[in-house]
Number of protein chains: 2
Amino acid sequence: MDVTGHTSSGNHRGPGQEPRKAASIRDVAEAAGVSYQTVSRVLNGHPNVREVTRNRVEAAIETLGFRRNATAFALASGVTRSVTVLTSNTTLYGYAATLQGLEEAASAAGYSLGVKVLTPEDDLDRTISSAAAGGGGLMVIGFDRLGASALRRVPADVPCAAVVEAPPHGRRPPRPAVWADDREAARAATAYLLQLGHQTVHYVAIPTSVGTRRSEGPRAQGWRKALEEAGITPPEPHGGKGWDAQAGYDEGEQLARDPGVTAILCGNDELALGVLRALHHAGRSVPGDVSVIGFDDAPHAGFVTPALSTVRMDFQGLGRDAFALLRGQLESDYQPPARTFAGTDLVIRESSGVTDV
Amino acid sequence: MDVTGHTSSGNHRGPGQEPRKAASIRDVAEAAGVSYQTVSRVLNGHPNVREVTRNRVEAAIETLGFRRNATAFALASGVTRSVTVLTSNTTLYGYAATLQGLEEAASAAGYSLGVKVLTPEDDLDRTISSAAAGGGGLMVIGFDRLGASALRRVPADVPCAAVVEAPPHGRRPPRPAVWADDREAARAATAYLLQLGHQTVHYVAIPTSVGTRRSEGPRAQGWRKALEEAGITPPEPHGGKGWDAQAGYDEGEQLARDPGVTAILCGNDELALGVLRALHHAGRSVPGDVSVIGFDDAPHAGFVTPALSTVRMDFQGLGRDAFALLRGQLESDYQPPARTFAGTDLVIRESSGVTDV
DNA sequence: GGAGCTTGTGTGACCGGTCACATCCATGCC
DNA sequence: GGCATGGATGTGACCGGTCACACAAGCTCC
């Protein structure tokens with residue numbers, strides 16, 4: 001079945017009507033019989049305008065359908081109130097949720113939000129430069145290599161804040177940034193699985209922002225640390241090439257073949273879903289034969305069967321905090337809250353349990 | 001477990017360095033020993049500039065770290081090349097995918113993209129007005145009531161295009177718009193279920209952009225039509241209050257209690273996931289006892305168990321086409337492609353099957 | 001050798017707002 | 001009555017670019 005859709009592309013402009021230019025404050029001024037400066041005063045709510053004058057101007061604004069030109073305003077006043085988000089992805093849950101937090105915060109502060117999706121093909125420097133030319137600040141979602149390298153390339157004179165993967169101990173990101181402690185979260189999740197009685201825990205990695213080895217991301221580090229603390233030699237991590245369920249399925253097929261695999265930590269819930277599916281196909285029950293824990297707590301995680309145990313992340317909080325950090329650079333009198341955001345949270349559902357072995 | 005995160009908010013400005021203003025073309029001109037106009041010519045690749053002069057200017061641009069002020073450019077040239085998307089949601093699959101298509105198209109055409117999330121609380125007219133003040137066009141995602149009413153309120157002189165629910169037969173949306181024929185898609189999906197041997201098909205609705213009755217959306221209409229064509233009186237539709245899995249679960253619990261329910265069409269995949277979960281809890285097997293079909297083909301639909309049969313929608317194509325429609329209004333010499341986009345596609349996986357009855 | 005064209009470059013006005021300052025007028029006060 | 005005060009309004013410059021046009025120098029051509 002392939003049903004074609006429709007498009008309605010009517011030119012919704014009357015036949016005789018000219019696409020006449022938008023009214024400026026001077027047009028309004030003329031219509032109201034005042035100077036353009038008075039119109040400006042009315043627009044900005046300046047107190048020293050007589051009641052009658054104000055009314056006359058407001059009437060003129062109404063009849064002419066005047067809207068203040070934001071471009072001219074920005075140029076003349078030097079106030080931009082806009083930020084652009086640089087991200088390599090907008091649909092994956094972690095990114096989308098961060099973006100949402102960013103948007104909420106920006107909107108609440110009266111900022112407009114631009115979004116620029118980074119692709120490996122385009123010239124990063126050019127992209128950044130044109131995004132920065134807008135005048136406002138830059139926000140970078142640096143969960144992956146593309147985002148991280150974009151962050152590194154932002155010129156020093158451009159206001160910028162980022163949300164990133166937890167940086168290696170003692171190392172600071174190139175710009176003001178916020179992050180969640182997913183290293184510790186991964187450690188705790190792994191420790192929990194060991195405590196359940198599993199001999200070891202396998203890891204299916206997400207791509208990471210740092211290095212090329214898939215074992216280097218903070219989640220992988222936390223997993224490794226938990227194993228080492230328990231005196232277990234970490235097995236070779238899987239994955240690291242993709243974020244989606246298909247990637248998880250591919251890795252899951254391999255893992256399912258190994259009877260020694262009884263516990264799997266996944267870098268995100270999509271991967272976990274794929275792993276779950278592969279285990280199901282291989283006839284291995286979850287959590288009976290294998291425990292699986294995801295990461296991020298995507299909206300559907302609790303509704304698949306078996307319901308996915310996972311680590312909840314406060315992506316929206318991350319977005320909000322990162323925006324506050326940027327705002328602190330943009331407005332000299334704004335003090336970004338120093339609070340650390342709400343952290344991570346291990347949520348146990350059905351996909352993890354005591355091993356049968 | 002509650003691990004707090006960190007924020008690194010260092011002021012990455014050296015102690016002695018002034019936050020000195022960005023260089024303008026006149027600064028560059030002075031540094032290169034030419035007039036500002038010559039700098040402008042170099043920036044715009046004007047041919048009539050001597051090789052040596054060009055090099056000198058480019059060197060000055062490099063040393064001063066000059067970036068052309070996009071605001072001033074927009075004001076002076078009258079070219080904006082930016083569009084703002086008005087949407088009530090950014091994370092739900094259909095919205096996110098549409099947004100992605102929009103962004104791709106905008107980016108490819110050299111436009112920057114703004115996003116403004118609509119909430120029931122904020123003043124629509126004010127929001128629209130401030131979004132339109134940017135100068136560029138407006139794109140509205142009108143899948144729901146909020147989006148649809150925003151679309152209706154966009155002033156006639158503001159360039160605008162939308163992606164909407166399929167409008168009622170013969171009716172046109174208030175602005176140039178694109179849509180998928182989900183009415184027909186729902187009809188086909190329902191007909192397929194009937195053909196499998198089900199006596200009737202129940203419907204769990206998504207909220208819709210039109211009217212208040214949950215039966216009025218195009219998907220509901222298609223479902224109803226298929227039943228009527230088969231001489232079956234449509235049962236009362238369920239849902240219509242939410243988009244997410246929890247809403248689906250709530251409706252699924254009710255449906256699970258009714259042994260007469262053997263086939264369920266859901267307004268989206270999230271709802272279907274919730275329904276699946278509720279059926280599972282009630283001990284009714286899918287597709288053995290009940291067939292379930294979703295809508296949208298979200299990324300995880302194929303990886304849940306049982307894999308979800310669903311209707312694939314080309315949201316990205318919708319986004320691209322809507323952008324082309326807007327671009328046609330913004331650039332007088334740009335002719336939007338008249339092609340109808342790729343349509344919907346019923347994808348059968350595991351959650352639908354022949355009834356046991 | 002000057003008219004006429006092309007090439008390279010500079011000047012002034014303008015886009016649509018804001019800001020600093022000047023002006024006009026009505027008060028209040030001594 | 002003279003003067004400081006302050007409210008209401010207007011004027012000119014400016015933000016950082018672009019555009020239209022002027023103009024000088026070099027070249028061709030008759």
Please determine whether a side-chain nitrogen or oxygen atom of A:Ser40 lies at a distance below 4.0 Å from atom OP1 or OP2 of C:dG17.
no

Name each donor-acceptor pair under 3.5 Å that joins a side chain in residues 71-83 of chain B to protein atoms two or more places apart or in another chain, with its distance.
from: B:Ser77; atom 1: OG; to: B:Phe73; atom 2: O; distance (Å): 2.6
from: B:Ser77; atom 1: OG; to: B:Val79; atom 2: N; distance (Å): 3.2
from: B:Arg81; atom 1: NH1; to: B:Ala109; atom 2: O; distance (Å): 2.8
from: B:Arg81; atom 1: NH2; to: B:Glu331; atom 2: OE2; distance (Å): 3.3

I'd like to compare against my own output: the B/S/- annotation of nucleotides 9-16 of chain D with a strict under-4.0 Å heavy-atom distance to protein.
BBBB--BB

My understanding is that only residues two or more places apart in sequence, or in another chain, count here; which of them pass salt bridge (Lys or Arg N to Asp or Glu O under 4.0 Å) with [X]?
X	answer
A:Asp123	A:Arg126
A:Asp122	none
A:Arg26	none

If the test is side chain to side chain contact (heavy atoms under 4.5 Å, CB included), which one of B:Val117, B:Asp144, B:Val85, B:Thr90 qualifies with B:Tyr95?
B:Asp144

Difference in axis direction between the ends of the helix from C:dG1-D:dC30 to C:dC30-D:dG1, five pairs, 10°:
50°

Apply side chain to side chain contact (heavy atoms under 4.5 Å, CB included) to A:Ala96 and list each qualifying residue two or more places apart in sequence or on a separate chain.
B:Thr91

Contacts of type side chain to side chain contact (heavy atoms under 4.5 Å, CB included), residue A:Arg41, not counting sequence neighbours
A:Gln37, A:Thr38, A:His46, A:Val49

Within residues 96-107 of chain A or reaching into it, pairs that qualify as side chain to side chain donor-acceptor pair (under 3.5 Å) - sequence neighbours excluded
A:Ser107-B:Lys116

